[in-house]
Amino acid sequence: MAINGYTNQLSVQPGEKIKFMVSSDHTKYKMDMVHIIHGDSDPEGPGLKINKIKANVDKEYDGQKQDIYMGSYIKFEDQSHFENIRSFSLQAMIFPTTPELGVQGILTKWSPDQNSGYGLFIDEKGCLALWIGDKEGNVEKVSTNQPLVSQCWYFVGGSFDAENGRVTIFQDANISKTNGRFSLPYGVDTMNARNEKVTAIKPYTFTDAPFLIASLFDQKSTGKHKVIWRYNGKIDRPRMANVALTKEEMASWIDNPTGDEVVSAWDFAAGITGKGFKELEKVYDASRNQLHGETVNHPTRAVTGYNWTSEEQNFTHAPEQYAAIHFHDDDMTDAKWEVDFEWKVPDDLKSGVYAAHVYAGDDEDYITFFVRPKKGQPTSKTVLILPTASYLAYANNRFQDIPLAQLMFGRAPVVQQEDMYLGEHAEYGLSTYDHHNDGTGVCFSSSLRPILNMRPKYRHNLSPSLWQFNADLHLIDWLTEKGFDFDVITDQDLHFEGAELLNHYTVAITGSHPEYFSGPMLDAVEDFQSNGGRFMYMGSNGFYWVVTFDPENPSLMEVRKNYGNQGWKSKPGEIHLSITGEQGSIWKHRGRAPQKICGVGYMAEGFEVSSYYRRTEDSYSSKLDWIFEGIEKDEILGDFGLVGGGAAGLELDIFDEELGTPSHAVILASSENHTNVYVPVAEELYFNITGLGGEENPKVRADMVYYPTPNGGAVFSTGSIAYCGSLSHNDYDNNISRLTENVLKRFLSEEPLPVGKEEKILTKINN
């Protein structure tokens, strides 16, 4: 772990440049560019297949240690108005979530090095405080001496009158029936507090310390992005005046700041449109000074404010009730490392999975990226859509820290070196399955950081062997060994380019777990199918969570979770995506169940041993003999494999006509004999009762499905994440490999595809 890195983009075309950011504890390191075919080190499988390629950047480099700094905050370019003051007032509505953690900056222009400036803080006792420091380092700290209560809104303010030296500070709980964890003002009198003091100290404002919201810069650090005393919680309607306002005057400024005394009146709802935030990182000042700011590390927006009534659940419909931002001390969406080297991808480089292999001594990293064909210039009839949105969702996840992990997995989690390292280094950023330090869920993930579990050799602690990236390399290895030509694109490419990207191909293939999908991605797949495209869904739990990418920062993905199998739930009123304004959660609850796209949908999970498939009666139709050519009729399918020992495992999808499986679809085979570690997913439960495990519940299974689509197209679905792990068994000579090869060869041929079990329906569709 002494060397690692990342790229400025996950997907790159031949002829484009890609940048590499590397941090190394070694003074020197070497780099080789490599082509990755197979990343599973399991001795039962084919082994690692990582081939060095010639690149003009292969050489030795000077190493440099590059740090990552966590914490979200707001910064401002124009500092003059924060410096040219004598008297001042600071106020805001705040919703602290960890006041017990000690000092946190709310509105600050404070130099911790010189002990000078001014600011509104949560102090070491969890109370609201106003700090003033002069040029000599003399400090006055006036506290309310009343600890703030977490997850409650407060109206807070502090002022300093330079004429008489009076410092005033107050906190008033602001409790409504819907805006916090209490609905009635129980003990509100004990939550409110006020204090004042006369001091001879006057704030020195011309320090190098900038004015920030939700933290302050560490002046002692050489890291230009390091902030300390980071705030956890929401801030709504922050204001600043160049006079000492009374509490009553500040109250009138909550919604209507007026007069020449206004230094700034930030409106965090400004920029909300009917399609989400116009510019997610921009913060607008409604005062004449126009002290607009920029968020860093993407605090959460589209969150309820102090005045939320619960009558509206979509922030785009009531922006004034969503004028808050939720900051976290462990937000991190851009490591901001310096570039070590960049590479222009050769025009003739084959599409595929590549990495910059950086190494020094026994330390190494594979900085993974994906080479797609040039836009509009496919090199094959087949395209593999790699699920990078799902890679981002699980990026640097810390499942080993989940107390219930052993129950979920049916065994003790296997912890890798990368897992141990991540457990000690929160600065590498969280996955969308983790919680922030204040208990709220992580809704943003970014590729602008080292992703230590998106590397060859990594064995995920979630599954019996592999998960996501390396599991998808099982499929790449099989395609390569079987001699199929194929292009590689990412689902992010699909998000921004749509069906036009797929329509160059005859066959589109998914990875093993395309769980996170955006609306444009779904549209592209469905349009491809409508246009006669042939689609192979090679996994399970696909097309599940609603996500989107920031058009201004394509490396950033957003998800909001609820109503499904999830690591956390969105807070009330906060289920809509801030980037687009659309409802988050799962696609099924937006009328787009995966059964409509691939004939099967998520039904059960069990991170234990995998099972096998048994053919159905319908599969013996003579119209389907081509699928099973070379396979004996009574063969059990896939009772072997590198993922749990079988082809049907981890997560399972089933046929369901009520959710959109076409009535002419055929279940070719279904899995059986799953253990009680396999249970139905949350959204399929009406009541949680006994008898729902795999040993008793017939719905706990994977269905392998085939059906034709309009204009000569077709869909083949495996219904299991573990499926691709069986392809290489017995040197690729097995019934799962043979069946898959039969399907792909027929899908690539110009020979018409046979109908399903209801010929009249297909005839009508094709006409």
Side-chain angles (χ1 to χ4, degrees), residues 1-8 10 18-36 39-41 48 50-52 55 57-71 218 221-226 297 330 332-343 353-369 391-392 394-401 413-431 434 445-461 466 468-470:
M1 297 292 100
I3 183 169
N4 52 58
Y6 64 97
T7 62
N8 67 318
L10 287 181
I18 182 169
K19 298 178 180 179
F20 296 84
M21 284 61 74
V22 181
S23 176
S24 174
D25 291 347
H26 300 271
T27 57
K28 299 283 185 180
Y29 70 88
K30 294 181 179 180
M31 195 285 295
D32 294 327
M33 204 65 70
V34 297
H35 183 200
I36 302 174
D40 187 353
S41 58
L48 296 172
I50 303 173
N51 304 320
K52 183 178 176 180
V57 289
D58 291 347
K59 63 178 184 179
E60 187 174 67
Y61 292 88
D62 292 331
Q64 60 172 330
K65 177 66 175 176
Q66 304 207 61
D67 293 319
I68 306 175
Y69 301 115
M70 299 185 297
D218 182 0
S221 170
T222 57
K224 57 185 176 181
H225 304 292
K226 185 176 183 180
N297 277 330
D330 54 359
M332 205 293 291
T333 55
D334 190 345
K336 298 183 184 296
W337 285 356
E338 295 178 3
V339 177
D340 276 48
F341 58 92
E342 64 179 37
W343 183 46
V353 181
Y354 291 85
H357 180 210
V358 292
Y359 55 96
D362 293 331
D363 297 306
E364 66 174 353
D365 191 21
Y366 290 87
I367 307 173
T368 305
F369 61 99
Y391 300 166
L392 286 179
Y394 289 91
N396 295 341
N397 68 260
R398 293 162 172 82
F399 289 135
Q400 68 275 9
D401 296 333
V414 179
V415 181
Q416 309 298 316
Q417 181 184 10
E418 293 90 342
D419 302 325
M420 296 173 65
Y421 187 79
L422 287 171
E424 298 172 353
H425 293 271
E427 70 272 15
Y428 279 78
L430 302 169
S431 79
D434 295 316
S445 182
S446 168
S447 61
L448 297 179
R449 53 172 169 153
I451 300 177
L452 303 186
N453 56 4
M454 194 180 73
R455 304 290 194 253
K457 305 182 183 181
Y458 179 77
R459 303 184 68 78
H460 208 287
N461 54 60
L466 298 188
Q468 294 296 160
F469 174 70
N470 278 313

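Below, all heavy atoms of this structure are taken into account, side chains as well, without hydrogens, waters or symmetry copies. Because the structure is predicted, anything quoted here is derived from the model rather than measured.
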**Student:** Taking all heavy atoms of S41 and all of K457, pick out the closest pair and write down the distance.
**Tutor:**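 Answer, listing the atom of S41 first, then K457: OG-O, 4.2 Å.
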**Student:** Which value, rounded to the nearest 0.5 Å, describes the distance between M21 atom CE and L448 atom CG?
**Tutor:**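 Here the interatomic distance stands at 6.5 Å.
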**Student:** Taking it one step at a time, do R459 and D40 satisfy salt bridge (charged side-chain N to carboxylate O under 4.0 Å, His left out)?
**Tutor:** CA-CA 8 Å; R459 303 184 68 78; D40 187 353; 2.6 Å; yes
**Student:** Drop me the distance from M70's CE to M332's CE, to the nearest 0.5 angstrom.
**Tutor:**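 So the CE of M70 and the CE of M332 are separated by 9.0 Å.
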**Student:** Would you say the side chains of D340 and Y29 form a donor-acceptor pair under 3.5 Å?
**Tutor:**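 Yes, Y29 and D340 have a side-chain donor paired with an acceptor closer than 3.5 Å.
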**Student:** Would you say NZ of K59 has more than 12 non-hydrogen atoms from neighbouring residues, nucleotides or ligands within 6.0 angstrom?
**Tutor:**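 No, NZ of K59 has 12 or fewer neighbouring heavy atoms, counting only those of other groups under 6.0 Å.
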**Student:** Could you report the tightest heavy-atom contact between I367 and G5, atom names first, then the distance?
**Tutor:**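 In this case the closest contact between I367 and G5 is CD1-CA, 3.7 Å.
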**Student:** For E60, does the CD atom have more than 12 heavy-atom neighbours from other residues, nucleotides or ligands under 6.0 Å away?
**Tutor:**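 Yes, the 6.0 Å shell around CD holds more than 12 heavy atoms from other groups.
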**Student:** Assess whether side-chain contact (heavy atoms from CB on, under 4.5 Å) is satisfied between M454 and Q468, documenting all intermediate values.
**Tutor:** CA-CA 8 Å; M454 194 180 73; Q468 294 296 160; over 6 Å; no
**Student:** To the nearest 0.5 Å, what is the distance between CD (E427) and CG (N396)?
**Tutor:**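 Between E427 CD and N396 CG, I get 10.5 Å after rounding to 0.5 Å.
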**Student:** Parallel, tilted or perpendicular: which one describes the rings of W343 and F369, with boundaries at 30° and 60°?
**Tutor:**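 Geometry flag for F369 against W343: perpendicular rings.
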**Student:** Locate the shortest heavy-atom distance separating G71 from N297; write the atom from each residue and the value.
**Tutor:**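 Scanning both residues completely, I find the closest heavy atoms to be O-ND2, 3.1 Å.
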**Student:** Taking atom CD of Q64 and atom OG of S23, what is their separation to the nearest 0.5 Å?
**Tutor:**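 One gets 7.5 Å once the value is rounded to the nearest 0.5 Å.
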**Student:** A395 and I451: which non-hydrogen atoms are nearest, and at how many Å?
**Tutor:**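 Smallest heavy-atom distance, with atoms named: CB-CG2, 3.7 Å.
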**Student:** Does one side chain, of D218 or Y69, offer a donor that lies under 3.5 Å from an acceptor on the other?
**Tutor:**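 The criterion, which ignores hydrogens and geometry beyond distance, is not satisfied for Y69 and D218.
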**Student:** Roughly how far, to the nearest 0.5 Å, is CG of D419 from CG of L452?
**Tutor:**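 If I round to the nearest 0.5 Å, the distance is 9.5 Å.
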**Student:** So Y6 and S446, do their side chains get closer than 4.5 Å, heavy atoms only?
**Tutor:**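 They are not in contact (no side-chain heavy atoms under 4.5 Å apart), so the answer is no.
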**Student:** Identify the residue among L10, T368, T7, T333 that makes a side chain to side chain contact (heavy atoms under 4.5 Å, CB included) with S447.
**Tutor:**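 The single option meeting the side chain to side chain contact (heavy atoms under 4.5 Å, CB included) with S447 is L10.
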**Student:** Quick one: do R449 and D334 make a salt bridge, cutoff under 4.0 Å?
**Tutor:**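 A salt bridge is absent here (no side-chain N lies under 4.0 Å from a carboxylate O).
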**Student:** Is the gap between the ring centers of F469 and Y458 under 6.0 Å?
**Tutor:**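 No, too far apart.
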**Student:** Between F341 and F20, how do the two ring planes meet: parallel, tilted or perpendicular, split at 30° and 60°?
**Tutor:**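 Answer is parallel, since the angle falls under 30°.
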**Student:** Determine the minimum heavy-atom distance between N4 and P450, stating which atoms define it.
**Tutor:**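 Taking N4 first and P450 second, the nearest heavy atoms are OD1-CG, 3.5 Å.
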**Student:** For a side-chain contact (heavy atoms from CB on, under 4.5 Å) check, start with the C-alpha distance between N453 and E418, then their side-chain angles and the critical distance, and finish with the verdict.
**Tutor:** CA-CA 7 Å; N453 56 4; E418 293 90 342; over 6 Å; no
**Student:** Could you tell me whether the side chain of I18 reaches within less than 4.5 Å of the side chain of E342, counting heavy atoms only?
**Tutor:**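 Counting from C-beta outward, E342 and I18 never come under 4.5 Å.
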**Student:** Which heavy atom of Q66 sits nearest to which heavy atom of V22, and what is that distance?
**Tutor:**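 Looks like NE2-O, 2.8 Å.
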**Student:** Are there more than 12 heavy atoms of other residues, nucleotides or ligands under 6.0 Å from atom NZ of K19?
**Tutor:**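 Counting other residues, nucleotides and ligands, NZ of K19 stays at 12 neighbours or fewer.
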**Student:** Quick check: do D58 and K52 have side-chain heavy atoms less than 4.5 Å from each other?
**Tutor:**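 The answer is yes, as the side chains (C-beta and beyond) meet within the 4.5 Å cut-off.
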**Student:** Could you state the interatomic distance from OH (Y421) to CE (M1), rounded to the nearest 0.5 Å?
**Tutor:**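 Spacing of OH (Y421) from CE (M1) equals 7.5 Å.
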**Student:** Side chains of I50 and P456: closer than 4.5 Å at any heavy-atom pair?
**Tutor:**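 They are in contact (side-chain heavy atoms under 4.5 Å apart), so the answer is yes.
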